[in-house]
Amino acid sequence: MTDGSENASATGGVAVVIVAAGRGARAGQANGPKQYQTIGGRAVIAHTLEMFLAHPRTGRIVVAIHADDHELFRQAAGSQAERVTAIIGGPTRQESVRLGLLALKDHAPDQVLIHDAVRPFVDAELIDRTIAAIGENEGALPALPVADTLKRESAAGVVAETVSRSGLHAAQTPQGFPYGPILAAHDKAYQLGRLDFTDDAAIAEWAHIPVKLVPGSPDNVKLTWARDIAMAHQRLSSGRTHFPDIRTGNGYDVHAFEPGDHVTLCGVAIPHEKKLSGHSDADVGLHALTDALLATCGAGDIGTHFPPSDQQWKGAASRIFVEHAAKVVRERGGRIANADITLICEAPRVGPHREAMTAALSQMLGISADRISIKATTNEKLGFVGREEGIAAIATASVVFPGEVPE
Ligand code: MG
């Protein structure tokens with residue numbers, strides 16, 4: 001795989017050591033080491049690695065992983081750019097860094113950035129600032145002034161003293177160094193058995209390499225606790241695409257005319273020289289809507305719930321069917337977003353009754369009138385509707401269900 005980096009094979013330039021061998025006991029072992037936990041759909045370390053791979057100034061990247069994590073790293077990092085090398089780290093952070101620096105020897109970089117895998121929110125500007133501050137024999141440390149008042153605890157769990165925070169900074173990574181001097185400092189510490197340094201700036205300090213402070217970033221947090229992982233996930237998820245579970249159902253119904261004196265359409269009785277024939281009140285609009293609602297959650301159709309063979313629905317007001325369908329939808333957590341009914345008939349005229357129909361439907365569905373549409377059209381004298389043998393209705397309902405459409 002090519003990665004387009006001009007620095008990849010050449011010597012010199014800026015190399016990166018990413019420390020990822022920790023076991024992450026503090027974040028909760030149950031979910032495995034925190035650098036491999038998923039935030040915003042990808043492993044923490046994948047986010048971190050991406051920031052350095054995307055930076056135009058970085059060349060060779062060495063990742064120090066734990067011997068048990070080969071598969072985890074492979075899965076997390078995917079097919080790797082050629083300039084990324086995974087090595088087995090040591091038992092301590094300090095030793096992992098030393099091994100990472102040694103692995104860069106053949107590439108002889110001019111400068112090296114040393115970064116914690118569990119700081120995935122490092123940004124390009126911070127990397128730039130750090131690189132810019134590295135001198136020939138001078139390191140660079142991104143840090144933030146300590147904002148909280150500091151207390152030293154006595155043995156009994158009470159405050160022993162307030163520590164002045166004046167001049168105090170919290171150290172972040174990446175810490176940048178000229179490659180030769182920091183490798184020499186690590187080697188010397190290793191030879192002398194000084195294995196208690198918690199960061200590379202401390203080793204530099206010990207080896208009398210000056211370290212220049214550069215402004216850190218408040219976003220560049222170290223994911224230490226289980227809660228940090230959850231917050232990082234939330235932060236990355238807020239920008240991601242959502243797939244709300246919006247569903248649409250349609251329904252169609254026809255009823256024939258027979259002798260009578262009124263029709264019931266969308267819950268409203270309209271005087272007419274015929275009536276619609278049917279088991280119930282034959283409200284063709286409400287029947288179509290019942291089917292549309294049930295369709296949004298795969299709950300069958302009106303016949304499934306109210307078999308025509310069942311005598312109890314004889315002459316029933318069809319609002320019973322609509323209200324039942326709305327209840328089925330609600331029981332599944334659904335919220336009805338809108339309902340749209342088209343009545344297809346030559347007569348009676350629907351227009352004068354539209355308002356009453358809308359009010360009736362608003363009640364049945366428990367939604368506001370602006371979410372209900374009732375339209376009517378003739379059939380231009382064509383077909384059974386055109387010959388005034390019956391009325392047809394088409395309905396559409398949209399319902400939003402909880403959660404998201406699964407992948
Ligand atoms: Mg029907």
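On a predicted model such as this, the values are computed, not experimentally measured, just so you know. Residue numbers start at 1 and run along the sequence shown. In listed order, ligands and their atoms are each counted from 1.
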Worksheet item: For the residue pair Val399 and Gly334, what are the closest heavy atoms and their distance?
Response: CG1-CA, 3.7 Å
Discussion item. Below 2.8 Å, can you find an N, O or S atom of Asp283 next to the Mg ion (ligand 1)?
Written reply: no
Worksheet, complete the sentence: Taking the Mg ion (ligand 1) as the apex, NE2 on His255 and ND1 on His287 give an angle, to 10°, of 90°
Practice prompt. Find, among atoms of Asp253 that are N, O or S, the one nearest to the Mg ion (ligand 1), and state its name.
Written response: OD2
Worksheet item: Given Leu53, which of Thr48, Ile61, Thr58 fulfils the side chain to side chain contact (heavy atoms under 4.5 Å, CB included) condition?
Response: Ile61
Item to complete: Assess the side chains of Ser373 and Asp340: does a donor N or O sit below 3.5 Å from an acceptor N or O?
Response: yes
Item to complete: Anything under 30° is parallel, anything over 60° is perpendicular, the rest tilted; go ahead and classify Phe306 against Phe321.
Response: tilted
